[in-house]
Each structure stands twice: as C-alpha cells, then as structure tokens.
Amino acid sequence: MPEGHTLHGLARDLNAAFAGTSPQVTSPQGKFAEGAALLDGRKVLEASAWGKHLFVEFEADAWLHVHLGLIGKLSILPRGEGVPPVQGQVRLRLLTDDHVADLRGPNLCAVVTPEHVEGVTARLGPDPLRPDPDSETAWKRVSRSNRSIAELLMDQSVVAGIGNVYRCELLYRHRVDPFRPGREVRRATWDAMWQDICELMPLGLAAGQILTMPDQVEDAKAALAAGEPVVPGERRYMVYRRAQEPCRVCGSKVRTRVVAGRNLFWCGRCQRRR
DNA sequence: ACAGTATGGAGAT
DNA sequence: TCTCCCTACTGTG
C-alpha cells in the first residue's frame, strides 16, 4: 500500500480529523505504551509527510514519527457510538469524540524531537508531492551514479516517495532500460520522467490509488482539472506484477528480477531507451 | 495448519 | 548481499 501518495493522503486525513484537537493516545498492543503516554492529551498541531515518512507535530515540541514500511497501515475513521473495538495488533490509537485512528504493523513509530525530524528530512531527496521539489538535486545524484536507474529510483535520498509500483511503471511509461546506469541516462529522459512523476503522484493522492495506465491517467487528469473527485478504478498496471503476461504494447512476456530488494517488472522489448 | 507474498528499510556481514 | 522486523491476506494441503 504505502508509497509517497499514501503518506501524503494520511497526513491530509489526519489534519482533517485531529488538527487542533487533543486526542486520547493509547497503544492497545502495548509496544508503544511509553510514547503513547507522552502524547496522551496533547494538542495536535499539524501532520505532514516527506516521502514515505509521516510526522505529526504535537504541542510542546513532541513529534510523532511513523514509517509504515512494507506492511503497515493507518486507518482514520469517523467514530460512531461507543469506542470502536480494537481489531488485530494496534500499535497506536488516536481517539477523539469524533474520530479514531488505528496504526498497525509500522516499521517505525516513535516520539522524536524537532531536530530529529530535520535530520530525517535532510537525508531525503526531493519529494514530488511537496511544494517546489528540486529536480536538479535528484538529477545530480542520478547523473553521477554507476548504479542502475532502477536502483536509483528506489533510493529515497535520490527521490523521496517512489516505491516499487511507481518505479516499474515510470520506467515502462518512458521506455527506459531499467539496468542502464544513472550516468548514462539522458537529461531529456530524466526531465520527462521527473515531470511525469510530478503529475502521477498527485493523481495517485487524489484517487487514493496508484494510476499509471494511460486511460486511467487521462480520466484522472480531466477530473482533477474539472475540480471533480478522482474516482479510484480497477487496479491495473502496465507491467507491475504482470510477470509472464504479455506486454500490453508489444505482446512479449513481461520479465521480472529482484532489483534493490524488490521485484522489478519490465518489458525487455519496449524498454531500451536511455 | 502452514507457506508464501506484499506498494520498505535498517543493520549485520 | 543477507537477515530480520512488522501484519494481514492468499493459496495449498
């Protein structure tokens, strides 16, 4: 679930539900009992995201730092009558009269200082979902690296927020050879990929779903431009998780191999550009 | 019941 | 490059 658009959506939803309130903070599972006690009853100032990191600023310089990792989930729901029953392993629960947020399976959930937050964000590359992300910084890292572009796109210090789905799909959309070293990628190619990801991720945020299929992207862009809600549709991708299936353009079998610790999917015939 | 998988990342080797 | 952590769901026996 969690690539950058997910975390930005959660920050947005946390703000809508909790900004300005002083929620009860608990750790039903117990693994975050100390941190929960520290935050309990404090006022929430603002939630924000940088890449896949989620921060919630509470009053008096206490920040909640969450990273969902591969399997973490955060649900934010309006609260009905009574206290919603705890289901499964809930590391952290925020509760007000109106809302309940449950965090399960995070890679990281900690109370940290403002300095710590600065340290974390300083190590992250530009995030296409933050205002004025700096493409040049990312390009410098890419163009000076011997590592493959498929590895570089997964490196959060190069671009923050891209995960395996956006990586596979972005490379495919631009017909880029995933194994080409960063220093051999053309400037024009990078610029086009950067511009594309800067459009795709806001669509993903608006839809609550990664959209990379040309028809879905077009519909979403039109809806966004018209000020209409972007409705999530069928989960379809160009190459992601389509190993052995025919490429939607040329029909040759989609290939897969582990790159940077995740399964890369690509079309060996369509993706030859640099 | 158990194995395998998942949109991630840190730390050891 | 490997190993481990976190949770839930799917497929297999």
Side-chain angles (χ1 to χ4, degrees), chain A residues 1-11 27-33 35-36 49-55 64-75 85-93 101-110 112 116 119-125 127-129 146-148 150-173 178-179 197 200-213 216 232-244 254 256-266:
Chain A
M1 202 75 153
E3 297 195 20
H5 68 296
T6 306
L7 283 301
H8 282 267
L10 289 171
S27 178
Q29 173 202 54
K31 285 191 184 178
F32 185 60
W50 192 313
K52 299 167 188 166
H53 294 257
L54 176 64
F55 303 102
L64 176 67
H65 180 194
V66 170
H67 195 295
L68 293 179
L70 187 56
I71 61 179
K73 284 183 167 56
L74 175 60
S75 67
V86 172
Q87 289 181 356
Q89 299 291 307
V90 176
R91 181 79 54 91
L92 163 74
R93 166 171 276 194
D102 283 343
L103 174 66
R104 294 179 178 81
N107 205 15
L108 171 72
C109 174
V112 300
H116 177 91
V120 170
T121 56
R123 273 176 249 119
L124 293 170
D127 175 349
L129 284 171
N146 288 319
R147 295 153 66 207
S148 69
E151 282 180 273
L152 289 163
L153 285 177
M154 289 293 273
D155 184 337
Q156 300 298 297
S157 67
V158 174
V159 181
I162 292 182
N164 198 25
V165 181
Y166 276 125
R167 161 177 79 164
C168 297
E169 297 289 295
L170 190 63
L171 288 168
Y172 182 86
R173 284 170 63 86
F179 302 100
I197 196 67
L200 289 177
M201 292 187 78
L203 295 181
L205 173 59
Q209 176 188 326
I210 294 175
L211 301 175
T212 57
M213 297 283 288
Q216 293 185 327
E234 195 188 344
R235 267 183 53 164
R236 286 184 294 132
Y237 304 106
M238 295 305 286
V239 285
Y240 175 71
R241 291 257 264 169
R242 297 191 63 245
Q244 302 300 320
V254 172
T256 183
R257 185 195 299 177
V258 174
V259 176
R262 323 290 324 157
N263 291 315
L264 173 74
F265 300 89
W266 82 102

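None of these values were measured; they are calculated from a predicted model. Chain identifiers are assigned alphabetically (A, B, ...) following the order of the sequence lines, protein sequences preceding nucleic acid strands; residue numbering begins at 1 within each chain.
- Within 3.5 Å, a donor on the side chain of A/R235 pairs with an acceptor on the base of B/dT7, or the reverse.
- Between C/dC2 and B/dT5, the distance separating the two P atoms is 16 Å to the nearest Å.
- A/R241 comes within contact range of the sugar-phosphate backbone alone, with a heavy-atom separation under 4.0 Å but no base atom that close.
- Rounded to an integer number of Å, the gap from A/R262 CZ to B/dG8 P is 6 Å.
- Among the protein residues, A/N164 comes within range of the sugar-phosphate backbone only, with heavy atoms under 4.0 Å from sugar or phosphate atoms but none that close to a base.
- Whole-Å rounding puts the A/L74 CG to C/dC6 P distance at 19 Å.
- The side chain of A/Y240 contributes an N or O atom lying less than 4.0 Å from OP1 or OP2 of B/dT7.
- The distance between atom CG of A/L124 and atom P of B/dA10, rounded to the nearest whole Å, is 9 Å.
- Side-chain N/O atoms of A/N107 and base N/O atoms of B/dG9 include no donor-acceptor pair closer than 3.5 Å.
- A/Q29 comes within 4.0 angstrom of the backbone, heavy atoms only, and of no base.
- Put simply, the side chain of A/L68 does not reach to within 4.5 Å of the side chain of A/L54, judged on heavy atoms.
- Distance check on atom P: C/dC4 versus B/dA3 gives 16 Å, rounded to whole Å.
- Spacing of P atoms, B/dT13 relative to C/dC5, comes out at 14 Å, to the nearest Å.
- Of the candidate nucleotides B/dT7, C/dC6, C/dA8, C/dA8 has the atom lying nearest to any side-chain atom of A/R104.
- Rounded to whole Å, the distance from CG on A/N263 to P on B/dG4 is 15 Å.
- Atom CG in A/L153 sits about 15 Å away from atom P in B/dT7, given to the nearest Å.
- A distance of about 22 Å separates the C1' atoms of B/dT7 and C/dT1, rounded to the whole Å.
- Minimum atom distance to the side chain of A/Q156 is reached by B/dG9, of the listed C/dA8, B/dG9, B/dT7.
- In this entry the distance linking CZ of A/R257 with P of C/dT1 reads 11 Å, nearest Å.
- Taking atom CE on A/M238 and atom P on B/dT7, their separation rounds to 19 Å, with Å as the unit.
- Between the side chain of A/Q156 and the main chain of A/G161, a donor-acceptor pair closer than 3.5 Å is present.
- Listed pair A/H67 / B/dG9 meets the phosphate criterion, a side-chain N or O lying under 4.0 Å from OP1 or OP2.
- A/R235 places no side-chain N or O within 3.5 Å of a backbone atom of A/Q209 that could act as its donor or acceptor partner.
- Judged by the 6.0 Å and 45° rule, A/R257 forms a cation-pi pair with A/F179.
- Atom CG of A/L211 is separated from atom P of B/dT7 by 18 Å (rounded to the nearest Å).
- Applying the salt bridge (Lys or Arg N to Asp or Glu O under 4.0 Å) criterion to A/R147, with sequence neighbours excluded, gives A/D155.
- At a threshold of 4.5 Å between non-hydrogen side-chain atoms, the residues A/L103 and A/C109 count as touching.
- A close approach under 4.0 Å does not occur between any side-chain nitrogen or oxygen of A/K52 and OP1 or OP2 of B/dT7.
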